[in-house]
Amino acid sequence: MRLLVEGDSPERDEEGHELGFLITYDVVAENEDEALAYIRRFEFGVPGSSLIVETCEELEPRPSEPMGVYDYTGHILFPRGEE
């Protein structure tokens, strides 16, 4: 699966505003929930409840491959809207 995940960054911008991030993961898992559980292990500095799957694309089946994260991109940071 290829998942685009959004989360709350522990970092802040120069003015101290909160930041969000987007990141893409390639994961071998039984379902989206299991894939997100593997992703949470990589995003250990981020509150797990802040991780949201924006998109989940089914890739080719890999029944003989071990489950887990196989690839990921860097974090793309963006400013959170002011309240």
Side-chain angles (χ1 to χ4, degrees):
M1 298 177 191
R2 179 164 292 142
L3 297 95
L4 175 63
V5 177
E6 180 181 332
D8 295 329
S9 175
E11 299 177 38
R12 297 198 176 251
D13 68 10
E14 300 82 30
E15 290 84 35
H17 298 118
E18 293 182 356
L19 297 172
F21 68 86
L22 293 170
I23 187 169
T24 300
Y25 279 90
D26 287 352
V27 182
V28 173
E30 292 290 327
N31 55 52
E32 185 177 312
D33 291 334
E34 185 178 79
L36 190 56
Y38 287 121
I39 291 168
R40 283 192 173 107
R41 295 178 187 174
F42 280 73
E43 300 296 338
F44 52 85
V46 174
S49 61
S50 82
L51 297 177
I52 300 168
V53 176
E54 292 292 326
T55 63
C56 180
E57 177 187 352
E58 294 284 332
L59 302 177
E60 70 275 359
R62 296 188 176 219
S64 62
E65 298 292 329
M67 303 288 187
V69 172
Y70 279 75
D71 197 16
Y72 57 94
T73 64
H75 289 97
I76 300 170
L77 297 174
F78 62 88
R80 290 284 189 199
E82 294 184 24
E83 298 181 40

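Scope of the values below: all heavy atoms of this structure, side chains included, with no hydrogens, waters or symmetry mates.
When all heavy atoms of L3 and A35 are compared, the pair lying nearest together is CD1-CB, 3.9 Å. Here the closest heavy-atom approach between residue E32 and residue C56 is recorded as OE1-CB, 3.5 Å. The two residues G7 and L51 come nearest to each other via the heavy atoms CA-CD2, 4.1 Å.
Every residue two or more places apart in sequence or in another chain that forms a side chain to side chain donor-acceptor pair (under 3.5 Å) with R62 is listed here: E60. With sequence neighbours left out, D8 forms a salt bridge (charged side-chain N to carboxylate O under 4.0 Å, His left out) with R80. Residues satisfying the side chain to side chain contact (heavy atoms under 4.5 Å, CB included) criterion with E58, sequence neighbours excluded, are M1.
How far OH of Y25 is from OH of Y38: 14.5 Å, rounded to the nearest 0.5 Å.
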Return a table of donor-acceptor pairs under 3.5 angstrom between the side chains of residues 72-79 and protein atoms on other chains or two or more places apart.
residue, atom, partner, partner atom, Å
T73, OG1, T24, N, 3.1
H75, NE2, E43, OE1, 2.9
H75, NE2, E43, OE2, 3.1

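Counting only residues at least two apart or in different chains, salt bridge (Lys or Arg N to Asp or Glu O under 4.0 Å) contacts with residues 63-78 are absent. Annotation: salt bridge (Lys or Arg N to Asp or Glu O under 4.0 Å) contacts involving residues 22-31, sequence neighbours excluded, comprise R2-D26.
The shortest distance between side-chain heavy atoms of V27 and I39 falls below 4.5 Å. The closest side-chain heavy-atom distance from V5 to I52 is not below 4.5 Å.
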